[in-house]
Amino acid sequence: QVQLVESGGGLVQAGDSLRLSCAASGRTFSNYIMGWFRQAPGKEREFVAAIWWTGSSTYYADSVKGRFTISRDTAKKTVYLQMNSLKPEDTAVYYCAADQTPIPRYAAFDYDYWGQGTQVTVSS
């Protein structure tokens, strides 16, 4: 059993920064891919970023590349999403997810475990 708990969401202004955290527990995560997704009202859940639990490779959606940074602290079993230069279109519920298959994938249905989500609202 895997538990993922997100935190760090909030209301910010355009141009501000925010850091999301995802605390993982329940089992070891070797060879897992940890991802961040987001879902805005009326839209499908979309890929934001991903990172290997035990490696350094990272993957980003084009819409956030250069503004967002994904990282993880294996000792704390926590994954982070640093979001800079936030835009109103970044407004969404952000979800942390874990994929047991050690292949970088970008579709929400490929991920096995999900957190409950944290709201990020960016005002203009």
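This chain uses plain numbering: 1 for the first residue, then up along the sequence.
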Short side-chain to backbone donor-acceptor contact, Arg67 and Ser63, under 3.5 Å: yes
Nearest-0.5 Å distance, CG of residue Leu81 to CD of residue Glu6: 11.0 Å
Distance in Å, Ser85 OG paired with Phe68 CZ, rounded so as to fall on 0.5 Å steps: 9.0 Å
Side-chain H-bond candidate by donor/acceptor type, Ser25 with Gln3, under 3.5 Å: yes
Residue pair Trp36 / Leu20, side-chain heavy-atom distance below 4.5 Å: yes
Thr78 side chain to Asp73 side chain, donor-acceptor N/O pair below 3.5 angstrom: no
Nearest-0.5 Å distance, SG of residue Cys22 to NZ of residue Lys77: 11.5 Å
Separation between NZ of Lys87 and CG of Asp16, rounded to the nearest 0.5 Å: 14.5 Å
Polar side chain donor-acceptor pair, Tyr94 to Arg38, under 3.5 angstrom: yes
Rounded distance [0.5 Å steps], CG in Leu86 versus OG in Ser123: 10.5 Å
Contact check, side chains of Met83 and Ser17, non-hydrogen atoms, under 4.5 Å: no
Side-chain heavy atoms of Tyr60 within contact of Thr69, under 4.5 Å: yes
Ionic contact status for Asp62 with Lys65, cut-off 4.0 Å: yes
From CA spacing to verdict: side chain to side chain contact (heavy atoms under 4.5 Å, CB included), Asn31, Trp53: CA-CA 6 Å; Asn31 294 325; Trp53 187 259; over 6 Å; no
Hydrophobic cluster (4.5 angstrom, side-chain heavy atoms) - remaining members for Ile103: none
Joint hydrophobic cluster, Tyr80 plus Met34, side-chain heavy atoms closer than 4.5 Å: no
Residues that, via side-chain heavy atoms closer than 4.5 angstrom, fall in one hydrophobic cluster with Trp52: Ile33, Phe37, Phe47, Tyr59, Val93, Tyr95, Tyr106, Tyr111, Trp114
Shortest non-hydrogen contact between Ser124 and Ala14, atoms and distance: CA-CB, 4.4 Å
Nearest atoms (heavy-atom pairs only) where Ile51 meets Arg72: CD1-CD, 3.5 Å
Gln82 (side chain) donor-acceptor with Ile70 (main chain) under 3.5 angstrom: no
Pairing residues for Gln119 by the side chain to side chain donor-acceptor pair (under 3.5 Å) criterion, not counting sequence neighbours: Thr121
Val122 backbone acceptor or donor facing Thr91 side chain under 3.5 Å: yes
